[in-house]
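Here is the structure we will look at, set down as structure tokens.
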Amino acid sequence: MKFCSLSSGSSGNCQYVETENLRILIDAGFSGKRIEELLSSIGVNPSTIDCIFVTHEHVDHIKGIGILSRRYDIPIYANEKTWISMDGELGKLKDENIKVFETGEEFQLKDLDFCTFSTSHDAVDPVGYCIYNKKTKISIITDTGWVNDNMKEKIRDSQLYLIESNHDIKMLKEGKYPWPLKQRILSKKGHLSNEAAGITLKEVLKGEREVVLLGHLSKENNIPLLAYNTVKNIIESTGINIHKDIILDLTYRDRTTKVYNL
Ligand SMILES: [Zn+2]
Ligand SMILES: [Zn+2]
């Protein structure tokens, strides 16, 4: 299985997963044109995308979905409440491209198995994804105010984690955002701090060369190196060596990561 974060951040999110038989996107939160450019930059023709999965209805996750679905006849998968709240945002889609799953349901598409789980965010029914191909597992957990035990159980035993590391708590508190917005981000239905991402990872990582990608970094309330070092220090407190035992990398708001071969 291959994975590439095409870009991730508060301004847009789009992740790419490839197997022998499938090419999928998780979220498409940029313009269609931008996603085409990002895919082309890793050598993927946008017309070869088989389907797009939606985590939740916020614009930084769905901006390009309508245009890509119409342009390349791509089916879109989301739960029912998310479909209802996206109504009017995506433009007209073909009926057969509207695919509905139930949160918590497991389903299979060609050589991929999917499991979805609820996250805690100010959206109608936000989800994270676990994606399995043979014995390889990828977990994607962004846009969640906290990670409860159920979420930890779901994502455990992955070979690649994309986890939100949205903000530094001190930078957010001292920054220029209005207080209600600060409260929203800090709440259980907001976004994960660097520290919370580190604590979650500390509990699930085994030090067996898992890939960890920090996602959804805030432009205003975080610094990539600060996110990296905060998470690194927390993980290393368990005795895991960040260079030897795991692969810890950042994602970028305006460019792709490398393509990880799992
Ligand atoms: Zn969101
Ligand atoms: Zn988001």
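None of these values were measured; they are calculated from a predicted model. What's counted below: heavy atoms across the whole structure, side chains too, no hydrogens, waters or symmetry copies. Atoms within each ligand, like the ligands themselves, are counted from 1 in listed order.
For the pair W146 and T200, the minimum side-chain heavy-atom distance is 4.5 Å or more. A 4.5 Å side-chain heavy-atom check between L186 and H167 finds at least one atom pair inside the cut-off.
Defined by atom type and a distance below 3.5 Å, a donor-acceptor pair is present between the side-chain atoms of Y72 and E36.
Under 4.0 Å is where a charged nitrogen must lie from a carboxylate oxygen, and between K134 and D111 no such pair does. Checked for salt-bridge contact, D157 and K137 miss the test: no charged N lies under 4.0 Å from a carboxylate O.
Using cut-offs of 30° and 60° for the angle between ring planes, the H216 and H61 rings count as parallel.
Tally of protein N, O or S atoms closer to the Zn ion (ligand 2) than 2.8 Å: 4.
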